[in-house]
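Model, not experiment: these values are computed from the prediction. Here is how names work: the chains are called A, B, and so on, in the same order as the sequence lines, proteins then strands, and each is numbered from 1.
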2 protein chains.
Amino acid sequence: MNAVSNRKPDYERLLRKAGVRVTRPRKVIVGILTQSDDHPDALEIFKRAVAIDKTISLSTVYRTMKLLESMGAIHRHAFEGGPSRFEQAGGDHHDHLIDLDTGDVIEFKSDRIEQLQDEIARALGYEIIHHRLELYGRKKKSSG
Amino acid sequence: MNAVSNRKPDYERLLRKAGVRVTRPRKVIVGILTQSDDHPDALEIFKRAVAIDKTISLSTVYRTMKLLESMGAIHRHAFEGGPSRFEQAGGDHHDHLIDLDTGDVIEFKSDRIEQLQDEIARALGYEIIHHRLELYGRKKKSSG
DNA sequence: GCAAAGATGCCATTCATTTGCAACTGGATG
DNA sequence: CATCCAGTTGCAAATGAATGGCATCTTTGC
């Protein structure tokens, strides 16, 4: 388990490469993603977007997230009991620890766990396409 | 990783113990759960219930699942891209491998992974309340 | 058996997300 | 730089899962 790097993708380049238009709403949204280090949901991204350009609609946020996801530029996480939350792709693969009290998301990584998952799948005759490992926990009060 | 035992809870006893009524719809629903070895969603349970008693409503299925869940008699799983699916509690803890082609759910268990999860959470200053580990995969064709 | 608390069925509602559609606009072309 | 039009957008209505309100029924304690 260790820290996770996070180089940001060049979204505009990716959009052009995907052959879709680089529109004003899309620029605003990817700009927000670039500046975000948290895991906002669609509504939160919408709010941040409206602060920059008040004509942007929530539909467009949803459509853009779906587009970026299909391009592999972002990851969607459906943590339990809430809307999907998004994060930029491009960093190393990692899993998530969700703070049940604050909703904060902490990233972690364990090669050992990944390896064990592969072994399990192989033993069952399966190939893992992707996986989801989420720890839901509370901060330990170390002394008081 | 190994097979998972599955002793079925005595739902009617549990209901009485919880101080709620053992009604006709509830009997039908827990009867279905007792006979199920899969991971049906609410609609599927509803269909099976209606086949036995056509007056049962989907609302009651949802209410009953929620009730059983709060009693700890069943577990709810929100696998990606679909409605919640349910399984009886009472077996050992286990995680899930979801067959992306069929939707089949295979249960597995790894003490080693659980242990690593605990270590990770501890290192981050957290106590795990619960976790979710899902592998999404496809069957390997071993020869043809 | 009876009454009252609890459950049910039905329907409307919520919440997250998607879709239909007319109006708009990137960006390739001339 | 004007034109054009497929790709996009905003809006509103639709969807799908799940919940809530409420009048009516039904367990269960007496």
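A:Arg85 places a side-chain N or O within 3.5 Å of a backbone atom of A:His39 that can act as its donor or acceptor partner. Between the side chain of A:His130 and the backbone N or O of A:Ile128, no donor-acceptor pair lies under 3.5 Å. A donor-acceptor pair is defined here as one N or O able to donate and one able to accept, closer than 3.5 Å; such a pair exists between the side chain of A:Gln88 and the backbone of A:Ser36. In this structure a side-chain-to-backbone donor-acceptor pair under 3.5 Å is missing from B:Thr60 to B:Ile56.
B:Leu15 has its CG atom 12 Å from the C1' atom of C:dA7, to the nearest Å. Protein atom CD of B:Glu69 is 14 Å distant from nucleotide atom C1' of D:dT19, rounded to whole Å. Regarding B:Phe46, its CZ atom lies at a distance of 14 Å from the P atom of D:dA18, rounded to whole Å. The distance from atom CE of B:Met65 to atom C1' of D:dA17 is 14 Å, rounded to the nearest whole Å. Regarding B:Ile56, its CD1 atom lies at a distance of 12 Å from the C1' atom of C:dA7, rounded to whole Å.
By the 6.0 Å contact criterion, CZ on B:Arg138 is enclosed, its count of non-hydrogen atoms from other residues, nucleotides or ligands being greater than 12.
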With the sugar-phosphate defined as primed atoms, P, OP1 and OP2, and the base as all remaining atoms, what B/S/- string results for nucleotides 11-19 of chain C, 5' to 3', for protein heavy atoms under 4.0 Å?
B----SBBB
A correct 5'-to-3' footprint of nucleotides 22-30 of chain C, with B, S and - meaning base, sugar-phosphate only and no protein heavy atom under 4.0 Å, is ---BBS---
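Taking a cutoff of 4.0 Å between a charged side-chain nitrogen and a carboxylate oxygen, B:Lys109 and B:Asp95 do not qualify as a salt bridge. Salt-bridge annotation for A:Asp38 and A:Arg48: present, with a side-chain N of the basic residue lying under 4.0 Å from a carboxylate O of the acidic one. Salt bridge status for A:Lys140 with B:Glu127: absent, with no side-chain N to carboxylate O gap under 4.0 Å.
Proximity of B:Thr60 to the phosphate of C:dG9: a side-chain N or O atom is located under 4.0 Å from OP1 or OP2. The phosphate of D:dG7 (OP1 or OP2) has no side-chain N or O of A:Arg26 nearer than 4.0 angstrom.
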